[in-house]
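Down below is the structure, laid out as structure tokens.
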Amino acid sequence: MVDHPSHGTSGAAPTETAGESRDEAAELRAAAAAGEPGAYRSYAELLTGRGQLDEALPWWARAADAGDADASRTLAMCHRDRGDFAEAERWYRSAADRDGGCAFGLARLLQEAGDLAGAEEWYGRGAALGSVACTTNGALMLAARGEWATALERLAEASAEGDDVATRARKVIEDLLAELAARRDALAAAETAGDPEAAYEALRALLAPDRATMYDTYPHMVAEAEALYARAAAVGSVKALVDQAIFAARDPGRRDEARALVERAHELGYDGAAFVLGVWSEEHGDLRAAESWYRAADEADGGHFWACYNLGVLCTRQRRLDEAEEWLLSTGVDPENRDPFSESEERVVRALEDVAALRDDPGRQGSAQWRDRLPGLRARAEDGGPDAWYAYAEALDHVHRLPEAAEWYRKAGTPRALLALGRMLYRSGGARGTLMVPYYEPAAGEGDASAAYDIGRIHDEAGNRRTAEIWFHRAAGLGHGGAAWWLGRTSEERGGDPQQAERWYVRAARTGLVPPAFLAGRSMVRRGAHADAVPLLHAAHDGGHAEAAYWLAKAVRGLGRPEEAERWLRTAAERHPQLLREYGDMARLAIPDPVDQ
């Protein structure tokens, strides 16, 4: 998708002296205060370029209220970068009916929020205002739902206006449509011949791993591919039945339908169907079902490579190490004579190395203390309620009896138990994070900051940045330091907003985290708030941060304490070798020559 560049910070021109910069700022402020034409915007731009966004926002607002559409867009982008999506939408709407850039920003914001109808409306209105980016993104929305002819026509218009994104998208879509046509022709020939294998081969490339992004971008392709596989299945291809189900399962509301298709393929004797059912079971956290299906796939095939591998990993996670080794060796990979260029063989060898490492470290196999407690906890669980069930599940979790632990966590059913279940399944590595989110939500709804943070992390790892940011805001509001740290880093790196970043770093530092304490202190030194920086930098230094001493020297020197500054500089010099170890040669830039400061 096309996007406008975010606001950023930039220093004064290299030839400009500090005095000249101060004079310019004073002149612009006076002009803005007097309401001179264009002065609101000029002063706001100066402050934004210096990273003083807090001070800039009121002047951007005055410019926007005076009719400056670009100021409205800048305000919206600033608030979007700060995670205030409602305020961002308000400022986009303030000028979207007369400015293509604001129409684009509003449409993009609505699209990210899932309001596709609203997004399409504003892309259309922005295109009518002359926004080529709106034309391109509106065309991509049409392509996403399969209106190929109209989408290509509008992409051609945007391409003629010089939009490289439109040019590339048009070529991709044309190539995809040409390939689909060729697949249809090949499938039709197989249908005429009544050849199930040829029907499947005609479509094999549609599920290649490099196509996943294509289906995310153009969801209508999912329906078209599913329809083709349904035709191949009708010819008699059992493999095509499974691939049809894989496309159907992309819609969460059709998972039961998809599962029924795969089970039918299994009944018809296709071993790959059992393997797919095993993967789906593991992704949903049903470990017993996953193991059963993987075993079925291996038995049906007489040696299914990936079923054996997945069984080996499942057993490793449950510390059934002898079984794990047996399953991994059942793949046929010889660790001593493997193909060094085979990624699949390398994965098996690494898994065998994990088994060996666990054997050599009894502490990672579950403590005897927890094992000794199991009989008593089991007896109390059989006669007790949710608390006793949770206690027994927790003990089973500690000794890696994961399927049993899952059953007792589910039986307990409390927010705390469901959170522990979600974490256990996600931590074990087989469950898909976004499918585990419902287990985290009850605890997050009760105010558990760590649960809210974990949901944010899951969405961040899945590439859903907006949802992640919403959850990180919620977690930070509940006092989670890691969430505040993430928000600070995002403000600094994405939005060029050091003031917002500093506030988040301070909140993170209050929870005892060392790196954000350093980042907050450094930010304060850079803006001259030396007294505020000192306690934060002390905390960072006491926590072992290798750069804190140097910035402490700058802070106390700024407070007029040169002798103390010298002591800290000596400490910084002593810590410099540690910096080199931690960061490499680039750390030489971390502590500039004190003479130059």
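Only heavy atoms go into these numbers, but all of them, side chains included; no hydrogens, no water, no symmetry mates.
- Taking the six-membered ring for Trp and thresholds of 30 and 60 degrees, Y200 and Y229 have ring planes inclined between 30 and 60 degrees apart.
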Show your working on salt bridge (charged side-chain N to carboxylate O under 4.0 Å, His left out) between R489 and E492 and close with a plain yes or no. CA-CA 5 Å; R489 186 172 62 249; E492 195 164 24; over 6 Å; no

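- For the pair L206 and L203, the minimum side-chain heavy-atom distance is below 4.5 Å.
- Using a 4.5 Å heavy-atom cutoff, the side chains of W148 and L177 are in contact.
- To the nearest 0.5 Å, the span separating OH on Y294 from SG on C308 amounts to 12.0 Å.
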Step by step, would you call E120 with L142 a side chain to side chain contact (heavy atoms under 4.5 Å, CB included)? CA-CA 9 Å; E120 189 166 345; L142 292 173; 3.6 Å; yes

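- A donor-acceptor pair under 3.5 Å is formed between the side chain of D298 and the backbone N or O of H304.
- At distances below 3.5 Å, not a single donor-acceptor pair connects side-chain atoms of S237 with backbone N or O atoms of A233.
- Using a cutoff of 4.0 Å between basic side-chain nitrogens and carboxylate oxygens, R338 and E345 are not scored as salt-bridged.
- The closest side-chain donor-acceptor pair between T467 and N464 falls under 3.5 angstrom.
- The closest side-chain heavy-atom distance from Y309 to V313 is below 4.5 Å.
- Ring-plane geometry between W370 and H398 is classed as parallel, the angle between the planes falling under 30 degrees on a 0 to 90 degree scale with a further cut at 60.
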Run the numbers on D322 and R359 for side chain to side chain contact (heavy atoms under 4.5 Å, CB included), then give the verdict. CA-CA 10 Å; D322 291 343; R359 277 206 181 100; 2.8 Å; yes

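- For the pair E282 and R317, the salt-bridge criterion is met [side-chain N within less than 4.0 Å of a carboxylate O].
- Within 6.0 Å of atom CD in E382, more than 12 heavy atoms from other residues, nucleotides or ligands are found, so the atom counts as buried in its surroundings.
- Scanning all heavy atoms of the two residues, the minimum distance from D448 to S450 falls at OD1-OG, 2.6 Å.
- Using a 4.0 Å cut-off between a side-chain N of Lys or Arg and a carboxylate O of Asp or Glu, R466 and E469 do not qualify as a salt bridge.
- For the pair Y426/R432, no side-chain contact is recorded, criterion being any heavy-atom separation below 4.5 Å from C-beta on.
- In terms of heavy atoms, A258 sits closest to A248 at CB-CB, 4.1 Å.
- Nearest heavy atom pair, residue A198 against residue D195, reads N-OD1, 3.1 Å.
- The structure places NE2 of H459 at 14.0 Å from CZ of R465, a figure rounded to the nearest 0.5 Å.
- With hydrogens and angles ignored, the 3.5 Å screen pairs no side-chain donor or acceptor of W471 with any backbone N or O of A452.
- Judged purely by atom type and a 3.5 angstrom limit, S342 has no side-chain atom pairing as donor or acceptor with the backbone of D339.
- Within 6.0 Å of atom CZ in R259, more than 12 heavy atoms from other residues, nucleotides or ligands are found, so the atom counts as buried in its surroundings.
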Evaluate the salt bridge (charged side-chain N to carboxylate O under 4.0 Å, His left out) criterion for residues R320 and E291: first the C-alpha distance (whole Å), next the side-chain angles of each, then the deciding distance (0.1 Å), finally the verdict. CA-CA 13 Å; R320 293 153 52 190; E291 181 170 342; 2.8 Å; yes

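- With a 4.5 Å cut-off on side-chain heavy atoms, R410 and Y439 count as touching.
- Ionic pairing of R250 and D216 is present here: one or more N-O contacts between side-chain nitrogen and carboxylate oxygen are shorter than 4.0 angstrom.
- No side-chain donor from either of S159 and R154 sits under 3.5 Å from a side-chain acceptor of the other.
- No salt bridge links R350 with D354; every basic N to acidic carboxylate O contact stays at or beyond 4.0 Å.
- The aromatic rings of Y453 and H480 sit parallel to each other, their planes meeting at less than 30°, with 60° as the upper class boundary.
- Using a 4.0 Å cut-off between charged side-chain N and carboxylate O, E201 and R204 make a salt bridge.
- Interatomic distance, CD of Q111 versus CZ of R108, reported as 7.0 Å (0.5 Å rounding).
- Ion pair R211/E179 flagged as a salt bridge, since at least one NZ, NE, NH1 or NH2 atom sits closer than 4.0 Å to an Asp/Glu carboxylate oxygen.
- Atom CG of D256 is surrounded by 12 or fewer heavy atoms from other residues, nucleotides or ligands within 6.0 Å.
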Step by step, would you call F247 with Y215 a ring pair (Phe, Tyr, Trp, His ring centres under 6.0 Å)? CA-CA 10 Å; F247 281 105; Y215 294 119; 5.1 Å; yes

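- Judged by distance alone, the side chain of S292 and the main-chain N or O of R288 form no donor-acceptor pair under 3.5 Å.
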Stepwise, does the salt bridge (charged side-chain N to carboxylate O under 4.0 Å, His left out) test hold for R295 with E323? CA-CA 12 Å; R295 287 177 180 272; E323 290 178 76; 3.8 Å; yes

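- In this pair, Y392 and W408 present their aromatic rings perpendicular. The plane angle is above 60°, beyond the 30 to 60° band.
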Stepwise side-chain hydrogen bond (donor to acceptor under 3.5 Å, both in side chains) check, R347 with T331: CA-CA 11 Å; R347 288 177 65 180; T331 61; over 6 Å; no

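- Between the side chain of R80 and the main chain of G105, no donor-acceptor pair closer than 3.5 Å is present.
- By the 4.5 Å heavy-atom criterion applied to side chains, L155 and I173 are counted as neighbours.
- Between L180 and L228, some side-chain heavy-atom pair lies under the 4.5 Å cut-off.
- We find the CG-CD distance between L402 and Q318 to be 5.0 Å, quoted to the nearest 0.5 Å.
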Could you walk me through whether D454 and Y440 pass the side-chain hydrogen bond (donor to acceptor under 3.5 Å, both in side chains) check? CA-CA 8 Å; D454 285 349; Y440 292 76; 4.8 Å; no

Given V238 and R264, is the side chain to side chain contact (heavy atoms under 4.5 Å, CB included) satisfied, shown in steps? CA-CA 9 Å; V238 184; R264 180 179 160 207; over 6 Å; no

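- Salt bridge annotation for K239-E197: present, with a cationic side-chain nitrogen under 4.0 angstrom from a carboxylate oxygen.
- Under 4.0 Å is where a charged nitrogen must lie from a carboxylate oxygen, and between E157 and R170 no such pair does.
- With E224 as reference, R184 is the one residue of R145, R183, R184 to meet the salt bridge (charged side-chain N to carboxylate O under 4.0 Å, His left out) rule.
- Looking at heavy atoms from C-beta onward, W327 lies out of side-chain contact with N310 at the 4.5 angstrom threshold.
- Contact check on E407 versus K411 returns no salt bridge, with no Lys/Arg side-chain nitrogen under 4.0 Å from an Asp/Glu carboxylate oxygen.
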For a side chain to side chain contact (heavy atoms under 4.5 Å, CB included) check, start with the C-alpha distance between L328 and V355, then their side-chain angles and the critical distance, and finish with the verdict. CA-CA 10 Å; L328 291 168; V355 171; 4.1 Å; yes

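- The two residues L425 and A431 come nearest to each other via the heavy atoms O-CB, 3.6 Å.
- Counting non-hydrogen atoms of neighbouring residues, nucleotides and ligands closer than 6.0 angstrom, the CD atom of E461 exceeds 12 such neighbours.
- Atoms OH and CG, from Y218 and L176 in turn, are 7.0 Å apart once rounded to the nearest 0.5 Å.
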